[in-house]
Amino acid sequence: MPDLLSQYADAVGVAAVDHLRQLAAPLRGIRVVHVNSTRVGGGVAEILSKLVPLKQELGIDARWEVISGDSLFFKTTKSFHNGLQGSKVTVDPRELAHYEETNAENATEMRELLEEADIVFVHDPQPAPLLKLVPRRRGKWIWRCHIDVSRPNRRVWDQLSVFLSGYDASIFSLAAFAQGLPHTQYLIPPSIDPLSEKNMPLEEADVQAVRDEFGIDPSRDMILQVSRYDRFKDPVGVIQAYRLAKRFSPGLQLVLAGGGADDDPEAGDVIAETQAAADGDPNIHVLLLPPDAHRTINALQRAADIVLQKSTREGFGLTVSEAMWKGKPVIGGDTGGIRLQIIDSHTGYLVSTPEGAALRIRFLLHRRKRLEEMGARARDYVRDNFLLTRHLREYLTVMISVANRAEERIELE
Ligand code: UDP
């Protein structure tokens, strides 16, 4: 089995991996600790499960620690999470006290490791109070926020920021998420993993098997949106765009792929609205997939001619990079992180209405060469900007930056 870095070289090229090795050279041997609150499930654990071994291969003494807590602790941190995303929640004094106490217990267990570390990355709100609880730290501490904090509930933000102000730096995913904090803020957008089940290369037979499973005709054009059933993802707008485009491409098929409604009470309503809009059209496939259907989503993205992400509000929109990486032009809502990924008319199209989306679908379906060229540019753009290796490169850059003293840096105005 080749080492992990060499496996990434197949996706991003040897030069990009050599670049990582060069960047990491001055960091060899430094002690880095990542702390979060779960080892499995969710995007943060997924990213750390790759980033930490990659750092180790680069010679960094990287560790990943997970804090533990009881149900009240996780209920409180869920309130923080929802509040940071703008929900009207409150964290009462008893919950806040328990949140700090739980962190104090975890700090006692990890004290030596945290005191000795050169750099500590604390991920999301759950372990944020650790910094205050390790007063004899010798390293630099960075708070890494993975949450969409573009419009936080101010009360909840104020409660959390008491624990954040002492950090040496923080990292947010997008400029729109940056906050008023008394330290340097770095922006590192999310990334997709080209080796994961969701994004790895598939055989044509695997793609065909998924077409067969859902009754998709390979001889006719197919457009796709992969999204949770959420109004901000605008599945009904996607159906409207499909109907308008179909006037010029009568054989067109539409697939809407999303999860069931188990964990989101609103999803049931949105699924019903979507099914009503589909109105029994046999060429509209409204799929309810299990949460681990990564390979199915991979195959659907490969089977599509064009992918839509017609969101009206979006944090980043990982589905956009996922489709672009598979060489598909994406027609995306002109909002949030979609704007970061789609360069309008170059790597895809940005649209604001179903009519705009339909116009672009019609244009691309009738100009196959343009469609393929745009897809190829989309793939290149993701390779250079939104793969896990870029994410790692930026982590290394931040580590070099904080490990050196400010006066050794040249700030370009
Ligand atoms: N996804 C999935 N199953 C679904 C719908 C979405 O696995 O039924 C995945 C999708 O491929 C992507 C992620 O969930 O990796 C959604 O991330 P994104 O940033 O696009 O949107 P969010 O759901 O976070 O708003």
Side-chain angles (χ1 to χ4, degrees), residues 40-47 49-50 81-82 84-87 124 145-151 172-174 176-177 188-200 202 210 213-214 224-235 237-238 254-264 266-268 270-271 274-275 285-304 307-326 328 330-342 348 378 382 385-388 391:
V40 284
V44 181
E46 209 168 294
I47 286 176
S49 70
K50 291 289 175 65
H81 186 107
N82 291 340
L84 294 183
Q85 300 210 106
S87 304
D124 283 340
C145 179
H146 298 267
I147 301 170
D148 175 349
V149 281
S150 47
R151 292 170 220 191
F172 293 91
S173 292
L174 298 175
F177 300 171
I188 303 188
S191 60
I192 61 165
D193 181 359
L195 303 185
S196 69
E197 259 201 298
K198 179 77 62 64
N199 299 306
M200 67 189 199
L202 291 182
V210 169
E213 182 181 349
F214 297 113
L224 165 77
Q225 175 158 301
V226 175
S227 278
R228 292 180 292 108
Y229 287 97
D230 179 314
R231 288 202 183 86
F232 288 123
K233 308 283 185 181
D234 199 14
V238 171
L254 167 65
V255 176
L256 289 160
D262 299 351
D263 58 345
D264 177 358
E266 254 179 37
V270 180
I271 292 168
T274 307
Q275 282 164 337
H285 304 264
V286 179
L287 309 183
L288 303 181
L289 301 176
D292 58 352
H294 304 306
R295 193 178 274 261
T296 302
I297 290 174
N298 187 341
L300 287 170
Q301 287 166 331
R302 290 179 193 281
V307 172
L308 282 93
Q309 190 54 58
K310 224 204 84 37
S311 309
T312 54
R313 191 172 163 207
E314 190 60 76
F316 180 70
L318 283 169
T319 50
V320 174
S321 275
E322 288 166 9
M324 289 169 69
W325 175 239
K326 287 147 195 144
K328 307 298 167 175
V330 177
I331 299 174
D334 188 4
T335 183
I338 296 178
R339 291 185 180 141
L340 215 59
Q341 300 169 79
I342 296 180
V382 169
N385 295 287
F386 297 111
L387 295 187
L388 190 78
H391 208 149

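For the single chain, residues carry numbers from 1 onward in sequence order. All ligand and atom numbering here is 1-based and tracks the order in the structure.
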Can you confirm whether E213 is buried at CD, in the sense that more than 12 heavy atoms of other residues, nucleotides or ligands lie under 6.0 Å from that atom?
yes

What's the shortest distance from atom 6 (C) of ligand 1 to any protein heavy atom, and which residue and atom give it?
V226 CG1, 4.0 Å

Tell me which protein heavy atom sits closest to atom 18 (P) of ligand 1, plus the residue, atom name and distance to 0.1 Å.
L318 N, 3.4 Å

Give the atom numbers and elements of ligand 1 that come within less than 4.0 Å of a heavy atom of E314.
21 (O), 25 (O)

Using the rule side-chain hydrogen bond (donor to acceptor under 3.5 Å, both in side chains), only one of H294, R295, R302 pairs with N298; which is it?
R302

Side-chain donor or acceptor of S49 paired with backbone N/O of E46 under 3.5 Å
yes

Examine distances only and state if a side-chain atom of Q309 and a backbone atom of V330 form a donor-acceptor pair shorter than 3.5 Å.
no

Would a search of protein heavy atoms around atom 13 (C) of ligand 1 find one under 4.0 Å away?
no

Identify, by atom number and element, the atoms of ligand 1 in contact range of G259, meaning under 4.0 Å from any of its heavy atoms.
4 (C), 8 (O)

Please check whether P291 reaches ligand 1 - meaning an N/O of the residue sits under 3.5 Å from an N/O of the ligand, judged on distance alone.
no

Contacts of H285 meeting ring pair (Phe, Tyr, Trp, His ring centres under 6.0 Å) (sequence neighbours excluded), chain-then-number -> none

Ligand 1 atoms in contact with K198 (distance to a heavy atom under 4.0 Å)
7 (O), 9 (C), 10 (C), 11 (O), 15 (O)

Are the side chain of D148 and the backbone N or O of Q85 linked by a donor-acceptor pair below 3.5 Å?
no

Residue-ligand contact K233/ligand 1, heavy atom below 4.0 Å:
yes

Less than 4.0 Å is my threshold; does some heavy atom of G317 fall inside it relative to ligand 1?
yes

Mind checking what makes salt bridge (Lys or Arg N to Asp or Glu O under 4.0 Å) contact with R339, not counting sequence neighbours?
D334

Would a 4.0 Å cut-off, counted as strictly less than, catch a protein heavy atom around atom 8 (O) of ligand 1?
yes

Counting distance only, does the side-chain N/O of K328 pair as donor-acceptor with the main-chain N or O of A304 below 3.5 Å?
yes

Does ligand 1 have an atom that lies less than 4.0 angstrom from a heavy atom of G258?
yes

Least distance between heavy atoms, G259 atom then Y229 atom
O-CD1, 3.4 Å

Atom 15 (O) of ligand 1: closest protein heavy atom, distance to 0.1 Å, is E322 OE2, 2.4 Å

Would atom 24 (O) of ligand 1 count as contacted, meaning some protein heavy atom under 4.0 Å?
no

Treating Q341 as the side-chain partner and G317 as the backbone partner, does any N or O pair qualify as donor plus acceptor under 3.5 Å?
yes

Is there a polar contact between ligand 1 and T319, counting only N or O atoms under 3.5 Å apart?
yes

Closer than 4.0 angstrom: is that true for some heavy atom of I297 and an atom of ligand 1?
yes

